[in-house]
Amino acid sequence: MALLDAADTLLDQARIARENAHAPYSRFPVGAALLTDDGRVFTGCNVENASYGLTICAERVAVFKAVSEGVRNFRAIAVIGPEDDLPCSPCGACRQVLHEFNPTLRVIAPSGPGSSRVWTLSELLPHAFGAERLV
Ligand code: THU
């Protein structure tokens, strides 16, 4: 399936995942849906904590769910914030975590009523620090 065909479906899955967000402090629920190379989808939502710094973003929940299930070949991630029509681009920490597994990952976000846009992760995190620097 072409990525743009998959984009709407992934955004729908992110929207459903957002329903489980635990965001009583920010009131900023986020959902994410991560598409693997073999067509599986792992979803995530943000999970906040009364000790604010322990909060984890929706994107990292999705990545850690997948990796903990033995899956780490990722093709795209859709992210949706509180509003269905506005983009919610991943925070810097999530960009770094996504980069670990695929620097060319596609990041999908809504861009208006019924429309979406796609970034590559390297657009969002140019000159990233990565594993190649450590060897
Ligand atoms: N958040 C995400 O889950 N993903 C993003 O891309 C941006 C921010 C969460 C973290 C926190 O729970 C709330 O949104 C406000 O920052």
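Atoms within each ligand, like the ligands themselves, are counted from 1 in listed order.
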> Check the orientation of Y52 and Y25. Use parallel for under 30°, tilted for 30 to 60°, and perpendicular for over 60°.
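Aromatic pair Y52/Y25 classed tilted.
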> In Å, rounded to the nearest 0.5 Å, how long is the span from CG of L121 to CD of Q96?
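If I round to the nearest 0.5 Å, the distance is 9.0 Å.
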> Is there a donor-acceptor contact under 3.5 Å linking the side chains of N49 and S51?
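No - no donor-acceptor pair under 3.5 Å links their side chains.
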> In Å, rounded to the nearest 0.5 Å, how long is the span from CG of L134 to CZ of F129?
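One finds 4.0 Å between CG of L134 and CZ of F129.
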> Compile the protein residues with any heavy atom at a distance under 4.0 Å from an atom of ligand 1; present them by chain, then by number.
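The 4.0 Å shell around ligand 1 contains S26, F28, V30, N46, E48, T55, C57, A58, E59, C88, S89, P90, C91.
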> Report yes or no: does R95 contribute a side-chain atom to a donor-acceptor pair with the main-chain N or O of L124 at less than 3.5 Å?
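The answer is yes, because a donor-acceptor pair under 3.5 Å joins these two groups.
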> Once salt bridge (Lys or Arg N to Asp or Glu O under 4.0 Å) is applied, do any residues pair with R72, and if so which ones, sequence neighbours excluded?
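R72 satisfies salt bridge (Lys or Arg N to Asp or Glu O under 4.0 Å) with no residue once adjacent residues are dropped.
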